[in-house]
Amino acid sequence: MKRQYNPDVAGTIFNIQRFSVHDGPGIRTVVFIKGCTLRCLWCSNPESIESRLQLGVYPDRCIGIDKCGQCRQAAPDQSALIVENNRITRIESENQLDYTVCASVCPTNAIKVWGQRVTVAEVLHEVLKDKDFYLESGGGITLSGGEALIQPQFTIELLRAARAEGINTCMETALNYRQKTLDEALPLIDLLFCDLKHMDCEKHLQFTAVSNQLILANIKHVVASGKPTIIRIPVVPEHNGTEENIRATARFIKEELNGKILQVQLLPFRKLGEDKYASLGREYPMATLVTPEREVWEKTLLSLAEVMREYGVPAVAGTNHKISV
Amino acid sequence: MNATVKALAEIGFDEDNWGVGVSGVVNDPSPFPRINRLRNWYYESGWTVDSERALLATEAYQKYSDEPQQIKVASTLAHILRNVTLQIADGQLLVGDCAAPPKSCPIYPEFSYQWIVNELKGDGPPVLRERPNNCYTYSDKVRDDLLGIADYWQGKTVSDTILSRMTPEEMKGDFMGIMLYSTSLYHFAGVGHLVADTDRLFKLGYAGIRSLVQEKLAALPEGDERSIFYRAQLIVLDAAMDYIHRYAELARSKAVNAEGARRDELVQMADNLDHIAEQPPQTFWQALQLTHLAWSLIIIESNGHSVSYGRLDQTLLPYFQNDIKNGVKKDFIQEVIECLAALNTNFMKLRDWLTTQANSGRALGTSTVTIGGVDGDGNDATNELSDMFIDMVAHTRLGHPWMAARIHKNTPDRFAQKIAKAMRMGTGEPKIFSDEACIKAMRNRGVSLEDARNFVVVGCVELSVPGKEYGWHDSAYFSIARVLELAMNDGYALGHQDKGRLGPATGRLEDFASFDELKKSYEEQMIYWVDIHARGTNIMDDVHRELKPLPYLSLLIDDCIAKGQDVNTGAAVYNFTGPQCTGVGSTADCLSVIKQLVFEEKRVSAAELQAAVQANWEGHESLYHLVNSDKVHHYGNDDDYADELAIYATDIYCDAVEGIPNPRGGVFQPGVYTVSANVPFGMVQAASAEGRKNHEPLSDCIGPVHTYVASHDRKGPTAVIKSAGKLHQERMSNGTLLNLRFSPSTLSGDSGVNNLVSLYRSYFKAGQEMQLNVISGALLKDAYKNPDKYRGLMVRVAGYSAHWSELSDELRRDIMTRTEMSFD
Ligand code: SF4
Ligand code: SF4
């Protein structure tokens, strides 16, 4: 029999989330692949940016070096563990990964390793646990990130594996990737989610650290190929959440994509992930952003969706609207 | 547009889409103004205690003291029915109280009385009318009346008699001892947990049944003892008919002063009542009225819990169809159905102070309507009435009667989705049951295929055959977590070392060379405790049989009339005793901690772990957090390591329980659910190795552990469902219960409904029951701070829903710490 996929290919992920109901039809398991080519200011998963394993430290979770101190006993060099007010606050070492032993003994996950090396077979084992639910609900696997395609061989083998098991596949990508890789993945995908962060090239560069040229070219390519596609816009106040940008996006969809997409989902930005930035010793770039009340912002989103619909674009606020593929 | 659709549209809902999680927010949810008025009356009036039933029962017991017990209790019921004050609420279309005014608790002194005396006096627990929650008011006269009969009942009650017969060995593990198990329910009150046969009543009417009994009596040979049984039945039959005629009279007298449509209604009600007092019902209205009255009489007689209505969408269907054919409006039938909810909500039961701390929630509760499912041939029996009962839940949102929806693989998607929409409203109703799993479990106990297919839910999750079973469901709560504690400590209970060794000497954890030795110890303790618990339960069974025959109930359970024997003697077709275990998750995780950390990884020694537990984890913070962390295998994560241990822990319990004989010729059958008993059972247990502190609640039902610091399930509802589905539920024929809490956003929109249906359809391949709380954590937190703001907020406690504002503090906190299944 022809081998349908290689179970031994390894990759780095930072989470597997079961019962995910917002990332494609039905009940899904989302595999979050570690690493991204963008650097969005509003990113709420800073642990997803780099492909390598990282250590995170959460001082609030530490129960006190005097009461516990397990990390200290395990550390290759105790002086690298910085303690303030009796709690571990960070690890100062060139070789952070030597301290993953501290994470494995820490009872509260105050020290934790972001990321996990896994094989396709291992991921599949976890994903298949909910196969029954996928079949009942029309769900399946969603590959997300970071950037789902950043470890292309791993991602493609995962998609092949899911296909071989008869599981519905979705992928969420920022599309800032070589078209060749994309073309390899596309036939293995049932439904594609593409992020569209900003139509203005300058602003895109300013907010995400990359230009939108490749992204826009890719999305045209994808839609032209006939792949069922949903566009997601994380709507961030003062950044891309302006009527001007929304109109520009709608025009692009209407004119360049011939409106041939299933849905545009406007997702409300919320300040999340601040503690994760801190755990990585990074500043939260959106710390000073003033966000409107949730209800106000949701209303804004609804009216922005309305604006897009003026252009015949099937825009909705949120992820709960039925997707008919 | 019919009235229902129109009114729903007015309050912002269309028929297919009730709002999500708005149970506390909508003021007038029913399209029928009378229902909203009855509902508002319920919210605006207080709870009271009434002495009338107690006084009448006392008079009758004194008057008939020389009669045989069966005649004495029959005459007592007759005396109550002929003399008790009757009520018809303004605007109600149905009648039938519990021998007390609405929202008032009747008292049943023949079952137990000392605790009532204590609470009236404030002897120990707080004075009844000054309770901080679950408070009931009463006049000084009522108090004096009740205290005045205290001497008479001293030593005569069911409870006193049980106590006089139990040996110290049978008490040490029960609620009067260390409460490893508790038989308190039937110690203090009646049994119930059944559905009466309405088929015969509908066919013959009370008068027809009377002729049947009369014939039986006439056919008896001279001097046959069974004549007493039949005479008792005739006494209660005559009284029941008189009682219903009394309601007819009352309706007629009210009609005199009423005007317009209400006057016509009252006249029609009077005619209906006079008719069904003796004859078979002819219309839906009459049939539902008779069902309710027949049901209420069982409660007045037996003080039972969970006396249920049965499959009303099946039993009432012919009347519904006939009415519709005759031009009766469907809206009117809907209105009558909603009147049942308003009436049922007013039935009260007084519970002792301790019980209310763990089992709050007012009202009688526990009377369940079962809808949906298959018929006797296995075909789908869902029909229009099934939908109308779901509408009743949505329109009344009172939490009563309880609603159990049966689902099977051919349940129409449309109905399955409607159920999901009702569930996500957040009232906790309906709870849903799997035909496949429940029928399989009942077949395992020798119930015939046809009878199993006709199963009903009686109470929280207990399964029963209508009109044929006296199942003693809920006979005891039994803590397997405590069994494990004794298995780790050579038969001693932590915190009770002064009482000496209570169980067999099976060794200490520190001395076990392997995990298998712990298992052996657990198995020995289990057999010992299950056996003495069964001995105690069987003593209760004997006392109920001797002191509290049930001549009225025996009219409506097969084969009592045929055999000429009371239902208490084993005359029912099916006779079970059903204790249920608590602490599945706690026990599994405790075993897992020991297996993994002590015996496999050797990360901690047995002595260290025991010392930490005995110190209530103080000074052992690191270990405390470790056992509560994801570094240890925990039940509820679809992780075979821990799930195997949950299977093991419950199998050992089932092995011990299955097949123990009861005095009615039946056997014990295991159930696995706690309702909310995980709270009191936690309260009496010291800390435990899965990361529980002293007196913290145990895990609830078959759900995962959630302690003060962590929920042990971390992978969401599909993982919990899969773990629970691995348990050998086909053995747990007394029922299982799985609670899940979702945030409203997870279940919103069309996709939310589809996903919920998929979740339960997947679980139902193996699991028996599932119920939801759909309330956001933020809302619960706010409700915790401002309970008064959320007067109408219903939450699912366990087997039942209750008003948030009425729950004890412990229980509120317990509900808040359950994992919210959302990744939004
Ligand atoms: S092991 Fe974790 S909890 Fe313990 S001292 Fe170190 S950081 Fe704190
Ligand atoms: S594309 Fe997504 S993962 Fe990458 S930086 Fe932007 S928000 Fe973060």
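Below, chain A is the first sequence line, B the second, and so on; all start at residue 1. All heavy atoms count here, side chains included; hydrogens, waters and symmetry mates do not.
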Return yes if a side-chain donor-acceptor contact under 3.5 Å exists between B:S622 and A:Q70, otherwise no.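 Side chains of B:S622 and A:Q70: pair found under 3.5 Å.
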
Ignoring hydrogens, what is the shortest heavy-atom contact between A:F133 and B:S758? Give both atom names and the distance.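 It is CD2-O, 4.3 Å.
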
Counting heavy-atom pairs under 4.5 Å to chain A, which of B:V627, B:L626, B:V709, B:D638 comes out on top?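 Ranked by contacts with chain A, first place is B:D638.
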
Portion of A:I63 that has a non-hydrogen atom of chain B nearer than 4.5 angstrom: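 Just the side chain, heavy atoms under 4.5 Å.
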
Measure distances from A:A103 to the heavy atoms of chain B and classify the residue's part below 4.5 Å as side chain, backbone, both or neither.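 Contact with chain B: backbone only.
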
Just verifying a value: how many Å separate [X] [atom1] and [Y] [atom2], rounded to the nearest 0.5 Å?
X	Y	atom1	atom2	answer
B:N754	A:I27	CG	CD1	9.5 Å
B:D640	A:K129	CG	NZ	7.0 Å
A:D66	B:E621	CG	CD	9.0 Å
B:N755	A:F19	CG	CZ	6.0 Å
A:K112	B:D630	NZ	CG	7.5 Å

Heavy atoms only, distances under 4.5 angstrom: which of A:G139, A:S104, A:G64, A:G69 has the most pairs with chain B? Name it, please.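 Most pairs with chain B among the choices: A:S104.
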
Show your working on side chain to side chain contact (heavy atoms under 4.5 Å, CB included) between B:K631 and A:N109 and close with a plain yes or no. CA-CA 9 Å; B:K631 295 190 165 70; A:N109 290 328; 2.9 Å; yes

When you check the gap from the basic side-chain N to the acidic O, do A:D132 and B:K722 get nearer than 4.0 Å?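 Result for this pair is no, no salt bridge flagged.
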
For the residue pair [X] and [Y], establish whether any side-chain heavy-atom pair is separated by less than 4.5 Å.
X	Y	result
B:S629	A:P107	no
A:I16	B:K715	no
A:K67	B:H625	no

Take atom NZ in B:K765; do more than 12 heavy atoms of anything else shown fall under 6.0 Å from it?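 Yes, enclosed.
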
So with a 6.0 Å cut-off around NZ of B:K726, is the heavy-atom count from everything else above 12?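 Yes - once you tally the heavy atoms of other residues, nucleotides and ligands closer than 6.0 Å, there are more than 12.
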
Chain A heavy atoms under 4.5 Å from B:L623: which part of the residue, side chain, backbone, both or neither?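 Interface part for B:L623: neither.
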
